[in-house]
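For clarity, every value in this text was computed on a predicted model and none was experimentally measured.
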Amino acid sequence: MSAVRPRQGTEVSGGDDSHPAGTGQVLFVIPRERGDGFQASIRGHMLDLADPTSSHALAPTPNDLFVAAHASELAWCARRLLDAHGLPAGASVSATWRTDGDLSAVAQFDLTVALPPGAQAVAAGLGAALDRSLAAGSVARPTVHIGFEQGDR
């Protein structure tokens, strides 16, 4: 297998968790050694990927990863916001989504945040934080609905 290098002019960070402005990240999607699938190499972690048109659910599809990326960003935003307000960091996020005929594109997804008791007051701020995150991280903005529910933690 030949070495893959960043395009000329692309800056690659050292792989730590800090992402200063202006640094780039490298992610590789490579063929699996056995079978006809792919794996993603993300900062040294290998992740099997499923064909989005297959009915086999042995690994996440591109749509799964797209929605998981936004749901996990919301979970981290919730944790930071709860911490900043001195509230318990017990938020969790669930997501549902649909495609419009073409299985390769997410048309809409719904996120539900289960907040710990007493944290409903920060829900509006959390929604605004996700909206900013989606705007900053998406080329085309999908339709996103965010719901909140009270957790019983």
Side-chain angles (χ1 to χ4, degrees), residues 4 6-7 10-30 32 37-52 54-100 102-153:
V4 179
R7 288 177 282 146
T10 302
E11 181 181 342
V12 180
S13 74
D16 63 356
D17 287 342
S18 62
H19 301 286
T23 64
Q25 299 295 314
V26 175
L27 176 143
F28 297 98
V29 176
I30 56 176
R32 291 179 48 88
F38 289 95
Q39 291 181 312
S41 173
I42 306 167
R43 292 188 283 153
H45 302 280
M46 296 302 289
L47 178 65
D48 286 327
L49 303 172
D51 179 346
S54 172
S55 62
H56 302 291
L58 300 177
T61 67
N63 288 342
D64 297 334
L65 296 174
F66 175 80
V67 175
H70 291 292
S72 63
E73 175 64 24
L74 180 59
W76 285 107
C77 283
R79 176 177 277 182
R80 287 188 296 272
L81 192 63
L82 291 169
D83 185 52
H85 285 85
L87 296 167
S92 62
V93 177
S94 63
T96 58
W97 65 95
R98 68 175 180 80
T99 58
D100 276 342
D102 176 8
L103 294 178
S104 65
V106 173
Q108 174 181 328
F109 60 98
D110 300 304
L111 301 170
T112 301
V113 181
L115 295 171
Q120 286 293 355
V122 300
L126 189 54
L130 179 64
D131 192 45
R132 286 190 301 277
S133 172
L134 285 173
S138 299
V139 175
R141 271 181 86 173
T143 301
V144 180
H145 300 280
I146 304 169
F148 297 93
E149 61 184 34
Q150 186 71 38
D152 52 300
R153 292 186 175 86

Residues in side chain to side chain contact (heavy atoms under 4.5 Å, CB included) contact with Thr96, at least two apart in sequence or another chain
Asp110
Side-chain donor/acceptor of Asp83 to backbone N/O of Arg80, under 3.5 Å:
no
Shortest non-hydrogen contact from Asp51 to Thr61?
O-CG2, 4.2 Å
CZ (Phe38) and CG (Leu47) are apart, to the nearest 0.5 Å, by 13.5 Å
Can you see which heavy atom on Ile30 is nearest to which on Met46, and at what distance?
CD1-CE, 3.8 Å
Between CZ on residue Arg43 and CG on residue Leu27, distance to nearest 0.5 Å
10.0 Å
Under the side chain to side chain contact (heavy atoms under 4.5 Å, CB included) rule, collect the residues that match up with Thr112, sequence neighbours excluded.
Ser94, Glu149
Mind checking side chain to side chain donor-acceptor pair (under 3.5 Å) for Arg32 and listing every partner two or more places apart, or none if nothing turns up?
Asp48
Within a strict 4.5 Å, meaning less than it, do heavy atoms of the Val93 and His70 side chains meet?
no
Salt bridge (Lys or Arg N to Asp or Glu O under 4.0 Å) contacts touching residues 85-98 (sequence neighbours left out):
Arg98-Asp100
Can you find a pair of side-chain heavy atoms, one from Phe109 and one from Phe66, that are under 4.5 Å apart?
yes
With sequence neighbours left out, what residues match Leu82 under side chain to side chain contact (heavy atoms under 4.5 Å, CB included)?
Leu87, Ala91, Pro116, Ala119, Val122
